Amino acid sequence: MTTTVRVPEERSARVPAEQRGPGRDRDSVRLLVSCGTEVSHHAFVELPRRLRAGDLLIVNTSPTLAAAVDGWIGHARVVVHFSTRGDDGRWAVELRDPDGRGTTRARAGGPAGTEVRLAGDVRLVLEEPLTPYGSRLWWGRVSEPDVLGLLRRHGRPIRYSYTQRDQPLSAYQTVFALPSADGGGSAEMPSAARPFTARLVAELVSRGVQFAPITLHTGVASAEAHEPPYPERYEVPEASARLINAARAGEGRILAVGTTAVRAVESAVDAGGVVRARKGWTDLVVTPERGVRVVDGLLTGLHEPEASHLLMLEAIAGRTAIERSYGEALSGLYLWHEFGDVHLILPEEGPHTEGCSSNCR
């Protein structure tokens, strides 16, 4: 979304919602609801009243990894962000410089052959850029075959400069996170689902809202350059594909929880519009030109104006609607980033909705 609007620094959520005052929980965030250009303001705990029986939420079960590890190049300290494990055993990694405040700043990648010393006498050697279009992420080979064990022993959650302090890994796990069969997970939390609590999920189920789990292991975001997403590993199980197809055939709306859920399910739809059980790698980038074929709406965090994710939001709701809702979020002093407030985009019209009037108020 090309815009001159900038998000003021004070609008960044610096700590999780449950740490902002006594009696708070993860669901103590705000909920911006938009249907077309109609916008309303709510507490996230009101989400069950914004949905209806038959609606289906697609949720990402990927757990978050302790993906940041300290290392050294010669005598210089660096921080390695382990992003994505390749099929050949290599890892896509990002090297960053410590900034002296407990977080990091961007660093030029490479060159090939660069050796990084990690804890336990482990070596990481950079081999080639992940893509020919940039040098931020590199494929690297690690001397320790059990990289996931290395992360468990020496890693910590990736933290960016807008946060106030380090948080335990548990702060970056969503209520939907499940252990992967191979121990893998996401370099960064699928954060749209963070405000959900077990209590809220139970209330949604009691109201007839269904859940379809998928898995997409997210890589390291482009915090400074806002690059389009690169290939990520995903799986849409057979049971979830059946749930989605059944909801589409009925009166329910298909609502993705997070842009990762959109990317996964839109990668699993066939030419006839039927969602199939699929797993592997997806390089899909959802844009207004490509459009969406499965989802009717989206629950997501608030993204920077330059973020490539906004193209996906425009594909779902249209540019005018997104610009209007983001203007409301700025004037309403909503909080941005993974510990911040969330935005529910509902369909304005269509086969699965009665319109906005019954949902936005």
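The shown structure was predicted, so the numbers you read here are calculated from the model rather than taken from an experiment.
The two residues Ala177 and Pro63 come nearest to each other via the heavy atoms CB-CA, 3.9 Å. For Asp97 against Arg77, the heavy-atom pair with the smallest separation is OD1-O, 4.4 Å. The minimum heavy-atom distance between Ile322 and Ala317, with the atom names listed, is CD1-CB, 3.9 Å. Nearest heavy atoms, Val33 versus Arg50: CG2-CD, 3.9 Å. When all heavy atoms of Pro48 and Val45 are compared, the closest pair comes out as CD-O, 3.3 Å. Annotation for His42 and Tyr334: closest pair N-OH, 4.2 Å, computed over non-hydrogen atoms.
Side chain of Trp336 to main chain of His303: a donor-acceptor pair is present (N/O by atom type, distance under 3.5 Å, no hydrogens or angles). Formation of a donor-acceptor pair under 3.5 Å by the Asp296 side chain with backbone atoms of Ile254 is found in this model. Remark: side-chain polar atoms of Arg263 are not paired, donor with acceptor, to backbone N or O of Val286 under 3.5 angstrom. Here the side chain of Thr300 pairs no donor or acceptor atom with the backbone of Ala192 at under 3.5 angstrom. No side-chain donor-acceptor contact under 3.5 Å links Glu232 to the backbone of Thr282. Judged purely by atom type and a 3.5 angstrom limit, Ser191 has no side-chain atom pairing as donor or acceptor with the backbone of Arg194. Put simply, the side chain of Arg293 gets close to the backbone of Asp270: a donor and an acceptor are under 3.5 Å apart. Distance alone, capped at 3.5 Å, is enough to place a donor-acceptor pair between the Glu46 side chain and the Ala43 backbone. Checking side-chain atoms of Glu144 against main-chain N and O of Gly149 turns up no donor-acceptor pair under 3.5 Å. Formation of a donor-acceptor pair under 3.5 Å by the Arg159 side chain with backbone atoms of Gln164 is found in this model.
Distance check, rounded to the nearest 0.5 Å: CD of Glu235 to OG1 of Thr215 gives 6.0 Å. Note that CG of Leu344 is 9.0 Å distant from CZ of Phe44, once rounded to the nearest 0.5 Å. Interatomic distance, Arg26 CZ to Glu18 CD, rounded to the nearest 0.5 Å: 5.5 Å. A distance of 8.5 Å separates CG of Leu346 from CZ of Arg52, quoted to the nearest 0.5 Å. Taken to the nearest 0.5 Å, the CD atom of Gln167 stands 4.0 Å off from the CD atom of Gln19. From Glu127, atom CD reaches atom CG of Asp88 across 8.0 Å, with rounding to the nearest 0.5 Å.
With a 4.5 Å cut-off on side-chain heavy atoms, Leu335 and Arg11 count as touching. Contact check for Trp91 versus Leu124: no side-chain heavy atoms found under the 4.5 Å cut-off. Two residues are said to be in side-chain contact when any heavy atoms from C-beta on lie closer than 4.5 Å; Val93 and Leu126 meet this criterion. Under the 4.5 Å side-chain criterion, counting only non-hydrogen atoms from C-beta, Leu255 is not in contact with Leu56. Annotation: side chain of Arg96 is in contact with side chain of His81 (closest heavy-atom distance under 4.5 Å). Here the side chains of Val15 and Arg20 are in contact, with some heavy-atom distance below 4.5 Å. Counting heavy atoms from C-beta on, the side chains of Pro190 and Thr64 come closer than 4.5 Å. Two residues are said to be in side-chain contact when any heavy atoms from C-beta on lie closer than 4.5 Å; Arg253 and Pro347 meet this criterion.
Looking at Glu328 and His41, their side chains do bring a donor and an acceptor atom within 3.5 Å of each other. In this model, no donor atom of one side chain and acceptor atom of the other lie less than 3.5 Å apart for Asp25 and Thr197. A donor atom on one side chain and an acceptor atom on the other are not found under 3.5 Å apart for Ser325 and Ser34.
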Item to complete: Just do the side chain to side chain contact (heavy atoms under 4.5 Å, CB included) check on Glu338 and Glu188 with the steps written out, would you?
Response: CA-CA 9 Å; Glu338 65 265 33; Glu188 297 182 1; over 6 Å; no

Fill in: Residue pair Arg49, Leu51: steps toward the side chain to side chain contact (heavy atoms under 4.5 Å, CB included) verdict
CA-CA 5 Å; Arg49 296 194 289 280; Leu51 305 180; over 6 Å; no

Worksheet item: Should Arg278 and Ser267 be marked as a side chain to side chain contact (heavy atoms under 4.5 Å, CB included) after you check the CA-CA gap, both sets of side-chain angles, and the distance that decides it?
Response: CA-CA 8 Å; Arg278 286 185 183 165; Ser267 299; over 6 Å; no

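The hydrophobic cluster containing Val29 also contains Val59, counting ILVMFWY residues as joined when their side-chain heavy atoms lie under 4.5 angstrom apart, directly or transitively. Linking Ile, Leu, Val, Met, Phe, Trp and Tyr residues whenever their side-chain heavy atoms come within less than 4.5 Å places Leu148 and Val122 in a single cluster. Leu150 and Ile158 fall into different hydrophobic clusters, defined by Ile, Leu, Val, Met, Phe, Trp and Tyr side-chain heavy atoms under 4.5 Å apart, directly or through other members. Linking Ile, Leu, Val, Met, Phe, Trp and Tyr residues whenever their side-chain heavy atoms come within less than 4.5 Å leaves Val125 and Trp139 in two separate clusters. By the rule that hydrophobic residues join a cluster once side-chain heavy atoms approach within less than 4.5 Å of another member, Leu57 and Val205 end up as members of one cluster.
Screening Asn60, Thr218, Thr84 for a side-chain hydrogen bond (donor to acceptor under 3.5 Å, both in side chains) involving Ser186 leaves a single residue, Thr218. The one candidate from Leu137, Leu130, Leu65 that meets the side chain to side chain contact (heavy atoms under 4.5 Å, CB included) condition with Ser83 is Leu137. The side-chain hydrogen bond (donor to acceptor under 3.5 Å, both in side chains) with Asp70 is formed by just one residue from the set His154, Arg117, Arg156; it is Arg156.
The pair Asp99-Arg105 does not count as a salt bridge, with every side-chain nitrogen at least 4.0 angstrom from each carboxylate oxygen. Comment: Arg85 does not engage Asp87 in a salt bridge, judged by the lack of any side-chain N to carboxylate O separation of less than 4.0 angstrom. A salt bridge links Arg207 and Glu203; the closest N-O separation between the charged side-chain nitrogens and carboxylate oxygens is under 4.0 Å.
The environment of CD in Glu238 is crowded: more than 12 heavy-atom neighbours from other residues, nucleotides or ligands sit within 6.0 Å.
Every residue two or more places apart in sequence or in another chain that forms a ring pair (Phe, Tyr, Trp, His ring centres under 6.0 Å) with Phe339 is listed here: Tyr172.
Between His337 and Tyr162, the angle of the ring planes stays under 30°, which puts this pair in the parallel group of the 30/60° scheme.
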